[in-house]
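All values derive from a computational prediction rather than experimental measurement. In what follows, every chain begins at residue 1, and chains take the letters A, B, ... in the order their sequences are listed.
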2 protein chains.
Amino acid sequence: MNALDTTFAALSHEARRSILAKLADGETRLSDLAGPFAMSQTAVSKHVRVLSDAGLVTVERRGRSRYCRLNAAPMKEASDWLADYEAFWGQQFDNLARYLAENRD
Amino acid sequence: MNALDTTFAALSHEARRSILAKLADGETRLSDLAGPFAMSQTAVSKHVRVLSDAGLVTVERRGRSRYCRLNAAPMKEASDWLADYEAFWGQQFDNLARYLAENRD
DNA sequence: CATATAGTCAACCACATGGTTCAGTATCAA
DNA sequence: TTGATACTGAACCATGTGGTTGACTATATG
């Protein structure tokens, strides 16, 4: 898997996007990330691992705690990729319209 | 899975992003999509199905062929989500720098 | 030292993903 | 009608994902 693959895959789960949103407010302990989720700390830890593997989060151990920080850099590549399609966003019906025009009888 | 989940998941595979890139040049038959890939047409068909389920591609049958068209609309939501983090893209080392500053002895 | 806290690791489960092959269907063309 | 073309669908396989529980390690605190 290349960088875009892992970035998009990491972003494809609501829990992980929520984790990133919380980290945007600043460094957060892993246990504090787990709080609002209806899942075990182990599960949250796995999500953080996916984010960490994707380079979106850096985890640092201090004492008993793991402190997670946002690293948004990989998002830029994803955003740049999407930006190439910006010209098409308003055209969702254009292709259909063109087809209908071409096949009008 | 919500819309963002399926959109990001659909974009997380190189083959599917390549398919979207080709569709940006215009409507393409499924068999013509399969050409450059080292995989069976069945596999390509599955990828197109994933894109179709995500609303990124519309498939229309005409005669024997399936014509695929790009529908970039769902990308906008993904791009908007990423844009919220734009302020952090340049800060990939800032958190580390701050931490080091705070813990200087 | 004893105990609570923070987290990992391993094992397990159900299900999804990404690929294959083979058989079948629908359409076009000779 | 025969046969090629363009698929789809089912079955299968290996691997990944997302979750659990229970045991373990490491650290802080009384």
Below the 4.0 Å mark, does [N] have OP1 or OP2 next to a side-chain nitrogen or oxygen of [X]?
X       : N      : result
B/Arg16 : C/dG18 : yes
A/Arg66 : C/dA6  : no
A/His47 : D/dG19 : yes
B/Arg61 : D/dC7  : no
B/Ser40 : C/dT20 : yes
A/His13 : C/dA16 : no
B/Ser31 : D/dC7  : yes
B/Arg62 : D/dA6  : no

**Request:** Nearest-nucleotide wise, let me know which of B/Arg49 and A/Met39 is further upstream toward the 5' end of DNA chain D.
**Result:**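 In this pair, the answer is B/Arg49.
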Rounded off to whole Å, could you give me the [atom1]-to-[atom2] distance for the [X] and [N] pair?
X       : N      : atom1 : atom2 : result
B/Phe37 : C/dG18 : CZ    : C1'   : 14 Å
A/Leu33 : C/dG7  : CG    : P     : 9 Å
A/Gln41 : D/dA26 : CD    : P     : 17 Å

Can you tell me if [X] uses its side chain to pair, donor with acceptor, with the backbone of [Y] under 3.5 Å?
X       : Y       : value
B/Arg16 : B/Ala10 : yes
A/Thr28 : A/Gly26 : yes
A/Thr7  : A/Ala3  : yes
B/Ser12 : B/Ala9  : yes

**Request:** Identify, residue by residue, the members of residues 1-9 of chain B with a heavy atom below 4.0 Å from DNA chain C, and return them in order of residue number, or none.
**Result:**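 Correct list: empty, so none.
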**Request:** Could you please name the option among C/dA26, D/dT20, C/dG19 that lies closest to any side-chain atom of B/Arg64?
**Result:**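 Nearest listed nucleotide: C/dA26.
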**Request:** Would you kindly compare A/Lys46 and A/Ser65 by the position of their nearest DNA chain C nucleotide and give the one closer to the 5′ end?
**Result:**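 Checking each residue's closest nucleotide, the 5'-ward one belongs to A/Ser65.
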**Request:** Could you note down all residue pairs passing salt bridge (Lys or Arg N to Asp or Glu O under 4.0 Å) where residues 17-26 of chain B supplies at least one of them, sequence neighbours left out?
**Result:**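 Matches after skipping sequence neighbours: A/Asp5-B/Arg17, B/Glu14-B/Arg17.
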**Pairs satisfying ring-ring contact (aromatic ring centres under 6.0 Å, His included), at least one member in residues 15-74 of chain A, at least two apart** =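 Non-adjacent pairs meeting ring-ring contact (aromatic ring centres under 6.0 Å, His included): A/His13-A/His47.
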**Request:** Take A/Val50 and A/Lys46 through the side chain to side chain contact (heavy atoms under 4.5 Å, CB included) test and state the conclusion after the steps.
**Result:** CA-CA 6 Å; A/Val50 172; A/Lys46 281 191 179 185; 5.8 Å; no
